[in-house]
Amino acid sequence: MAGPAEATSQTAQRKAFGNVLVGFALLCICVLASSVRLFSVIKYESVIHEFDPYFNYRVTRFLSEKGFYETWDFFDSFTWYPLGRVVGGTMYPGLIFTAGAIWNVLQKLNIPIHVQEVCVFTAPLFSAFCAIATYLFMKEVRGRGAGLASAAIIAVVPSYISRSVAGSYDLEAVAIFALVFVFYLYIKTLNTGSLAWATALFFGYLYMVASWGGYSFIANLLPIHCLACIVFGRVSSRLYIAYAPWVILGALAAANIPVIGFNAVLMSEHMASFFVFGLLHAALAIEYIRDMLPPRAYSAAKKLVLTFGSTALAVVLALVVSYVAASPTFGWTGRSLSLLDPTYASKYIPIIASVSEHQPPSWSSYFTDLHIASLLAPAGLLLCFRPLTDASMFLLLYGVTAVYFSGVMVRLMLVLAPAACCLAGLALSEVTAYLSASLVAAQQPGAAEAEAPSESDGGVAGKKDKSSGSSAAAAAKQAAKKAAKKGSTGASPLGLSGSWKPVPKDVAIVGLVLVFLGLSLFYRHSVYVAGEMYSAPSIVLQSRRPDGGVKVFDDFREAYAWLSHNTHPDAKVASWWDYGYQTTAMANRTVIVDNNTWNNTHIATVGRAMASPERKAWQIFRSLDVEYVFVVFGGFIGYPSDDINKFLWMVRIGGGVFPEIKEPNYLGADGNYRVDDQAGKALLDSLMYKLSYYRFADCGPMFGAPRGFDRVRNTVIAKQDFELKYFEEVFTSEHWMMRIYRVLDKPNRDARLRNPRRAKLGRRAPSKRRQPSGALSK
Amino acid sequence: MARLAAILAAAMVMAGLASATEQQKVLVLLDSPSLEASHSAFLAGLRSRGYELDVKPIDDKSLQLKSWDEWLYDKLLILGSSKALGGAIDAAQVVEFVDAGRDVLLAVDSEVSEELRSLAQDLGVDVDARGNAMIDHFGYDLHLGAQDHAAVLADNVVKSAAVLPKALPTPVLFRGIGLSVAAESETAFVALGGSPTAYCGKPGAAMTDAKLAGPGMGLVALVQMRNNARVAVAGSLHMFSDAAFQAEATTRENRILGRTSNEAFCTAISKWAFQEQGVLRASQRSHRVVAGAHPGAVRPERYRINDDVEFSVVIQECADGACQPYRADDVQVELVMLDPHIRTALRHDDNGRFAAQVKLPDVYGVFKWVLEYRRLGYSFIELTETVPIRPFKHNEYERFIVQAYPYYASCASMMAGFLAVGAFFLYTKA
């Protein structure tokens, strides 16, 4: 009698021990996920990075001053002068409200932290949450082992790190967490069929919709999954509860975010969910009828329903098609269409094509960004079929679609990252479980008893590794791996129970060592990438000096500070749109265009001004009340992403609206873009050239280079000495990276206009040389 | 924060008016010392108007217009001819003087030096080539100009109450050189023009291709700079002289017209140039919401679309040290965002308050009130004030609209139906 009781208590104890172990591993993963993203703060400082985060930061600052309601109705008169921007209605408020809420809570707790610090550390915090969400998601799909393995991989996957280092205060920082969490809630609802979880799914989706435009990925993935379930005959009430409320409530949720509004029912992105919603009902109805009617009547009814249904469907389809065909983009937004047709943007929307993160990725970037996950993910795809459940089918579909989208845009590698990590985690846990189970089986014949030793073995091994392991990363990973193994063997023996044959002991050991080695390499790579490649804020640049020291280029902030201290608060500042957010946030000045590229014409106007000769540019800027113009120039120190290199995009975007700007005029005779003596004439006359190279030749030859040598283009510039008539240089930063010019006023006097009656002036008396006192110098 | 961007000359004008009471300093540069005696009436007139004159020869070695960063004089009067500017003054510094908002009256004659010509050119007036004189074989004065036909009776004066408040009874006697003004010039205009038969050339020599001829030729040109500094350029020294003031005008047909109008004209010119006439002053610019989001808000930070707002400004005309309410029906104000969305005339109440009430457009953005008033002879008024117009806040829309009643009804019926079905489902036994 004592035997079973003891066994039960032993099982309970083992279970408790397992729970603690999993919790501890998860905690380690979270700490790791956050801390690996702090390199940017350690190496540089706690600043907001890049471009878009500055807008989010500025709105968050506004929120911290004015509150949530004011932010919701925020009309910003500092951007897109003179159009202004209804920020509250054109932004995804999720990130900003999240950071604002955190800041408010901290204030309530009497923790006086600046809102900038909250913004900087939001992304690391949410990457820890993302690891937890991944664990939960994969636990639903395949069990705790797969969950832990996936969480351990996503914690440090470089692709995700690139968008979520401390300071990278962008929408993706919280959106990836939201994405995975919505998937978890969907699968949870699907597995349990509980309305409570369906409600949770609605709230999770609401947060996702509020956070990122990528919600439309979910809005299409869920219908695809549902459709697949219908096609493969997996329709169930659980599916209905997971899917149907989400369609209706999700559309309502989306419609309540001002930036989406009626798009939630009007744009083609959302059509699939409604279509599948109808199909699901039809499928359920057919099933219901089949249960009720005798077979003969059923086939008659089926014929009837199919006839009517297909007629009705045809009519609806015709209506939808006619509605959609009326729109030039077939009802899709430009960005979505460029996903479906990768050549669309480069053909029609240069402004989308001009953004580097909208380019297709190179093969090497898959390996850099995913590393071992890109190797393991295909294995994970296969394992999704053993066995194929609703949940694993979802993972399968997610992985396949994400691979496609990532191939279109570099930026969407970010969507692929969780999928790849989950698939890789699945593969990893299954492989490890299989190998260690084989190991155990080799030691003790009898598969049923294999579980216990393998588990304790895992614990001991984990401890051993921790004591000997040098870095926290290795320890956490090791724990995760071991835990993954345990989870798989314990929670889901399904994959192994059927017809599994253990591999020989030696093979198992070698396999485990290989897995361990691969993971070590992955971690090494990820930490290296996090520290060296993805931590640069791009607002502060560093370069290594030959003596090993670090040279810091802080020109951007220097110039923005100059603007904020030396110009009138009402001054309008023009620049290429890349720098709009930074100017409003750091210099606190009104800008003409910024990174929210909603108005192509306005951007084209600035592009046209930059591409026009000086006088015409002056007229354009005067008509926009611009007082200062700045350009980013890298020719002095060799900073390649400067305005001269972006100039062709200005020409293209400007030429798209103003046909007088023709790209060939800006190219050299050989059709190449160049600034040397072969350069196109229009380029040499353009304002951009003049503002970039004004006085450049006089700044002194560097390192024996000839006069006027541009270190980015590696040539001597064509036109070296020229004067500006309508612009006045007011500031050039230390390394010439930012050059600020004042747009001169209309002259006070109308002197020397064309006058045919003018008699020629004789020899003029030379101007006198006066001393500062006003007296004549002797 | 009301954001005002005003390129407003009023500050400068007010400075001018304020210091008019404290005696403004005028540097008078004379080509030759004898001019002080020959032009005593004109100079005395200036003194009597309250200017402190500092009379110096034009080529004085100690001339100084500026000491360190301070201008030593408020106005500059040059009665110049062939001599160059002496001391520390040169054309560039006079231009700087004007750009600093100070006024210059420059009179030259046929012997004009190249330096003064280039100065005039920098100020926007082109003086004819040295040695030329204005000749009119049909309009000369019978007694004074019989010999060379170069003393002319000119009556082609500018029609602007700001320059000449009263019409001149007789012509102006003019002996000197012609000027011209570029056709596109927004700043310069001719105050005294030639007659259709006048031309500028060498006296006594035949001329077939005079560059300057007819009404397009100027004898006296006035320039109103964009910063509202004023410059007068006269092609004659003689017209300011006592002799010309006293002369009797006699037409070629020997019709005696009486005393010339030189004194009145020259006084008017100097008054105009020294900001005593034709000065408009805009003040108390304001705008308020009449009906809308915040009725009664004065100079609000921003409007809401479709608000009813009122723009108002007080414009006064200052002459001879006193300001009167300005009366005109052609003052307009615009509400501009890229294009003018509203352009409307301002109505005045005879006390100088100009106001207009408008309904804002149904467009949001950063709008500017722009009042740009440029009339011949008057100082420019250019006011801009930026006021963003915001859209409705999310809770400012109407809560219930008539058109949506079918929708409300469908919602209500849906809820009622759900309740009914729910009750039926729960409380009936199958």
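Letters A, B, ... are given to chains in the order of the sequence lines, protein chains preceding strands, and every chain is numbered from 1. These numbers come from a predicted model, not from an experiment.
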Can you tell if the side chain of [X] reaches within under 4.5 Å of the side chain of [Y], non-hydrogen atoms only?
X        : Y        : result
A:Tyr69  : B:His394 : yes
B:Glu184 : A:Asp750 : no
A:Pro82  : B:Lys368 : no

Could you check B:Thr386 against A:Asp570 for side-chain hydrogen bond (donor to acceptor under 3.5 Å, both in side chains), going step by step and ending with a plain yes or no?
CA-CA 9 Å; B:Thr386 311; A:Asp570 279 340; 5.9 Å; no

Looking at A:Asp73, A:Asn748, A:Asn755, which has the largest count of heavy-atom pairs under 4.5 Å with chain B?
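Top option by heavy-atom pairs under 4.5 Å: A:Asn748.
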
Report the residue from B:Val231, B:Val95, B:Asn227 that forms a side chain to side chain contact (heavy atoms under 4.5 Å, CB included) with A:Arg749.
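Option passing the side chain to side chain contact (heavy atoms under 4.5 Å, CB included) with A:Arg749: B:Val95.
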
In Å, rounded to the nearest 0.5 Å, how long is the span from [atom1] of [X] to [atom2] of [Y]?
X        : Y        : atom1 : atom2 : answer
B:Arg130 : A:Leu761 : CZ    : CG    : 12.0 Å
B:Ile389 : A:Ser77  : CD1   : OG    : 11.5 Å
B:Arg390 : A:Phe74  : CZ    : CZ    : 13.0 Å
A:His602 : B:Leu338 : NE2   : CG    : 6.0 Å

With a 4.0 Å cut-off, would you call A:Asp745 and B:Arg226 a salt bridge?
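Salt bridge: no.
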
Is any NZ, NE, NH1 or NH2 atom of the basic residue among A:Arg758 and B:Asp126 found under 4.0 Å from an Asp or Glu carboxylate oxygen of the other?
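Salt bridge flag = yes for B:Asp126 with A:Arg758.
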
Contact origin within [X] toward chain A - heavy atom pairs under 4.5 Å:
X        : result
B:Ala188 : neither
B:Val223 : neither
B:Arg302 : side chain

Taking [options] one by one, which has the highest count of heavy-atom pairs under 4.5 Å against chain A?
options                                : value
B:Cys200, B:Pro391, B:Ala210           : B:Pro391
B:Glu70, B:Gln224, B:Met225            : B:Met225
B:Glu186, B:Met337, B:Glu396, B:Gln121 : B:Gln121

Per-residue contact mode, A:Pro258 against chain B (heavy atom under 4.5 angstrom):
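When you check distances to chain B, no heavy atom of A:Pro258 falls under 4.5 Å.
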
Per-residue contact mode, A:Glu627 against chain B (heavy atom under 4.5 angstrom)
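Contact with chain B is absent: no heavy atom of A:Glu627 under 4.5 Å.
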
Kindly check if the number of other-residue, nucleotide or ligand heavy atoms within 6.0 Å of [atom1] ([X]) is above 12?
X        : atom1 : value
A:Phe68  : CZ    : yes
B:Met414 : CE    : no
B:His341 : NE2   : yes

What heavy-atom pair brings B:Ala182 and A:Leu753 nearest, and what distance separates the two atoms?
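Heavy atoms of B:Ala182 and A:Leu753 come nearest at CB-CB, 3.7 Å.
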
Donor-acceptor under 3.5 Å (A:Arg757 side chain, B:Ala213 main chain)
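A pair under 3.5 Å: no.
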
